[in-house]
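A quick write-up on the structure given underneath.
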There are 2 protein chains.
Amino acid sequence: MAVTIKDVAERVGRSITTVSRALNDYDDVNEKTRQRIKQVAAEMGYQPSSIAQQLRKRRTDTLGFIMPTYGPRFSDPFFSEFLAGVGNTAAKSGFDLLVATRPPGEEELDAYIRNIQSRRVDGFIIVRTRRNDPRITLLQEHNYPFAVFGRTEKHNNFPLVDENSELGMQLVVNHLVEQGHKRIGYIAAPEDLMFAQYRWQGFKTTLAAHKLPLNPAWVMRGDLTQRSGKRLTHQLLSLPEPPTAIVASNDLMAIGALTAAQELGLTVGRDVAITGFDDIPWSENTHPPLTTVRQPIYQIGALVTEMLISTIHGETPAKGRVLLQPSLIVRASSAPR
Amino acid sequence: MAVTIKDVAERVGRSITTVSRALNDYDDVNEKTRQRIKQVAAEMGYQPSSIAQQLRKRRTDTLGFIMPTYGPRFSDPFFSEFLAGVGNTAAKSGFDLLVATRPPGEEELDAYIRNIQSRRVDGFIIVRTRRNDPRITLLQEHNYPFAVFGRTEKHNNFPLVDENSELGMQLVVNHLVEQGHKRIGYIAAPEDLMFAQYRWQGFKTTLAAHKLPLNPAWVMRGDLTQRSGKRLTHQLLSLPEPPTAIVASNDLMAIGALTAAQELGLTVGRDVAITGFDDIPWSENTHPPLTTVRQPIYQIGALVTEMLISTIHGETPAKGRVLLQPSLIVRASSAPR
DNA sequence: AGTATAAACCAAAACGTTTTGGATGTCAAG
DNA sequence: CTTGACATCCAAAACGTTTTGGTTTATACT
C-alpha cells in the first residue's frame, strides 16, 4: 500500500495532526519540526490521498466535461483543441478534468445526473449548446456550477462565452458582395444547435442589408460533416439557376462543398466561391485554401474554464458573459472573380 | 447538500447498514424492506457519494490518460478519435476517465508521480511510446497498472497494442516499386518516438529486399507537422538528383509534402509520388487524395482500454500483446506513372 | 510566587460509505 | 420448555484526511 500520513507521523514521532499542519504550513508548528516532517515526507514519497482529501474537504477539485459525440468514428478537430485549452487552464488552477463521451440524448443526461448526485465533480463545462438545452435545465435545477460555450435562449445568469457569429457571417457576406456575388446560397447546421441559429441570422440579416434576394431553393441544411456538405452542394449547383457563392456554416461542410464543386468540373474561386466557418487547421491547406471565419477555440476553452473555476470558488466571474469577435480569413476559395 | 445514505435511512426508519445492504442486493434484508428502500432512494435521488465509496473500497474506478501535447495550439486528429475509443470502452465497464494534457518532459512525469502517489486513478493509458520511455519505467517501479499503445524496447511483460508498422511500410514500398519508382525518399519522424524506428525499419528493409539504393541525401527527419513536411520536401525536390517518390512517416507531413511539390510546379501522382501513414480523415480529401496506411485508431483505443481494465481487475488480459495489421489505402497521390 | 501569554503539540470528530461480527426475534423440531 | 436454525436487522470499525478545541510547557510580567 501507498504511504499515508500515519506512516509519516510514526516515522517522525509526531501526531498526524502535526504532520498535516506542518505540511499545510500552519504556524503552530515548530520550524524545526516542520523542516523535518517535510523532509521525511518527501523521502517517503508521501502525497495525501486525494480521495480522503476530497471527502474531508467536501470538494473534488475536478471539472466534468462530457463531450457530445456523434457516431463512433468521431474525429472532430474542434474537440482536441478545445480540450487542450480546458485541460491546461484547469491544471494551472490545480483542477483535474474528468472526461466522458456521450451521444446527445438520454444517456448523456443520465451521465450528468449520476455525476451530480454522486458529487463526482465540482462543476461542468458545456459546449455546443442546443435549443432549450436539457443539460442547462438540469444543472440549474440542481443548482450545480457550470460554464457554457455557446449562447442560449434562456436568461443567462450563468457564465457564458460565445463568438459573435452574426458578425462573423456579416464579414463573410460583405466580402462576397464585394466580390460581386449576388446569388448566394447557404448550407445550414442542424436546427437544434444554437450556433446554427445565430449564424443563419447573421447571414440572412446581412443579405437583407444588401437588398439581395434570398431564394429558398438556395438554402440547405446539413449535419456538419463533409459528406453532407458535398451532397448538398451537388444539389445546389445542379439547380437551373445555381448560386454563384455558397456559404457553409462550418468548415467541414465547406470542405465537402469544395469536393462537390470540383467533381462538377468547376474551379472554386473562379466559377463559384465557397466559404466556411471555424478555421480548423485543415482549412489552410485545402484546394483551394478556404475562406473562413476564425474562432479562437483554444482561448475559448481556456476562458470558459476560468469562468467555471471562479463560480466554483463562489466568486461571480469578472465577466459573466463574453462575446468574442471573430475575424475573417480570406483565402483563395473566394478569390476575386 | 446532497442526499446521503443517512437521509434515506432516517426516512425509511432503518439503519444505514440495512440501506446499504438493500441497495447492494445482499440477501439478508427483507424483500419488502428492500423494495421500500429502493423506492425511497430513487424518489430522494440518492446516489452514493463516489468519493466515500472510493475511499472505502480502496479503488477509484478511474483511468488516467495524460496526453502528450506539443505546443499550445494543439490539434492532432489522432487524439480525438483515440479518446472516443478509450472513453466509450471505459464507460461500458463503469470506469471514468481522468484526462490531462502535458508536454513531454518533466512536467509530464510529475503529473504521473502525483497521480500515483495520491492514488488518484487505478491505472494509466500510455500512447506514443518513446525510446526508453520514462513513463513506463516509472510505472513499473511503482508497480502501477498501465496499458500501452506502441511497442517499446523493454521486456514487454505489460499489456501492449501496436500496429505492424514494418508491414505497413512494406506495403507502401512494394506499391511504389510496382509503379516503377526506383529513387525513393523518406521523411522520418522524431528519433525518440518508437514508431519512428519501426516505420523506418520497415522502409529500409523493404527497399533492400528490392535491391534499391538508399541515398542518405534522400532521407530527412521531420517533427510530424505539415510545416516540416513541406520544408523538407522542398529540400528533397531541389536536389540535383531528386527522388521520384517520397514516403512520409505520417499523414500530416505527407500533406505538407503535397503542398511543397505543388509550389514547385509538380503534379503529384504524375511527376512525383507521395505517401503518408495513419489515414487521418483529412487524407481522403487532399489534392490529390493521399495514398496512406490505415491504422484503426478507435479500435486501438478501445482495445488498450479493455486490456488496462483487465489488469486492474487482476486478470492477465486474454492477449497480452497485440499487433494489428494495417492496410494500404491507394489513392491518387501515387497514381500509376 | 502567582498569573497571563505564547509556542508547540495532539485527541477526537467529521466527511459518507461498506463490511464485519454480532444481536434479536420467530418458528419448528425435539 | 429448550434448542437450533433462520431471517432480519444493526453498531461499530475502517478508509485517510483536515479541523476543532483543546492541553501542556516554557517564558515573561506583576
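The sequence lines fix the lettering, A, B, ..., with proteins before strands; numbering per chain opens at 1.
Remark: C1' of D:dT18 and NZ of A:Lys6 are 17 Å apart, rounded to the nearest angstrom. Across the protein-nucleic acid pair, A:Asp122 atom CG and C:dC15 atom P stand 18 Å apart, rounded to whole Å. Computed from coordinates, the B:Asn24 CG to C:dG16 C1' distance equals 13 Å when rounded to whole Å. When rounded to the nearest whole Å, the span between CD1 of A:Ile5 and C1' of D:dT18 equals 8 Å. A straight line from CZ of A:Arg58 to C1' of C:dC15 spans 5 Å, rounded to a whole angstrom. One atom, CG of B:Leu55, and another, C1' of D:dA14, lie 9 Å apart when rounded to the nearest Å. For the pair A:Gln117 CD and C:dG16 P, the computed distance is 15 Å after rounding to whole Å. Between the CD atom of B:Glu10 and the C1' atom of C:dG16 there is a distance of 13 Å, given to the nearest Å.
Using the six-membered ring where Trp is involved, A:Tyr144 and A:Phe124 have ring planes that are tilted, between 30° and 60° apart.
Taking the six-membered ring for Trp and the full ring otherwise, B:Phe65 and B:Phe82 have centroids separated by under 6.0 Å. Close placement of the A:Phe146 and A:Phe158 rings is indicated, their centers lying within 6.0 Å of each other.
Contact annotation: A:Gln54 side-chain N/O to D:dT17 OP1/OP2 distance is not under 4.0 Å. Put simply, B:Tyr26 has no side-chain N or O that comes within less than 4.0 Å of OP1 or OP2 on D:dT8. Regarding contacts with the backbone of D:dT17, every side-chain N or O of A:Ser49 stays at 4.0 angstrom or more from both OP1 and OP2.
Shown here are the salt bridge (Lys or Arg N to Asp or Glu O under 4.0 Å) partners of A:Arg21, two or more places apart in sequence or in another chain: A:Asp28. Judged as a ring-ring contact (aromatic ring centres under 6.0 Å, His included), and not counting sequence neighbours, B:His142 has no contacts. The ring-ring contact (aromatic ring centres under 6.0 Å, His included) test applied to B:Phe95 returns B:His313, not counting sequence neighbours.
With the end axes of the helix from C:dA1-D:dT30 to C:dG30-D:dC1 each set by five pairs, the angle from one to the other reads 70° at 10° resolution.
Contact of the B:Ile136 side chain with the B:Thr152 side chain is registered, since non-hydrogen atoms from C-beta on lie closer than 4.5 Å.
Between B:Arg34 and B:Asp27 there is no salt bridge, since none of the side-chain N atoms of the basic residue sits less than 4.0 Å from a carboxylate O of the acidic one.
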Name the pairs: protein N/O against N/O of nucleotides 8-13 of chain C, kept only if under 3.5 Å.
unit_1, atom_1, unit_2, atom_2, d
C:dA8, OP1, A:Asn30, ND2, 2.8
C:dC9, OP1, A:Arg14, NE, 3.2
C:dC9, OP1, A:Arg14, NH2, 3.0
C:dC9, OP1, A:Thr33, OG1, 3.4
C:dC9, OP2, A:Asn30, N, 3.1
C:dC9, OP2, A:Thr33, OG1, 3.0
C:dC9, N4, A:Asp28, OD2, 3.0
C:dC10, OP2, A:Ser15, N, 2.8
C:dC10, OP2, A:Ser15, OG, 3.3
C:dC10, OP2, A:Thr18, OG1, 2.9
C:dA11, N7, A:Thr17, OG1, 3.2
C:dA11, N6, A:Thr17, OG1, 2.9
C:dA12, N6, A:Thr17, OG1, 3.4

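Within the structure, the side-chain hydrogen bond (donor to acceptor under 3.5 Å, both in side chains) test picks out the following pairs touching residues 104-114 of chain A (sequence neighbours left out): A:Glu108-A:Arg130.
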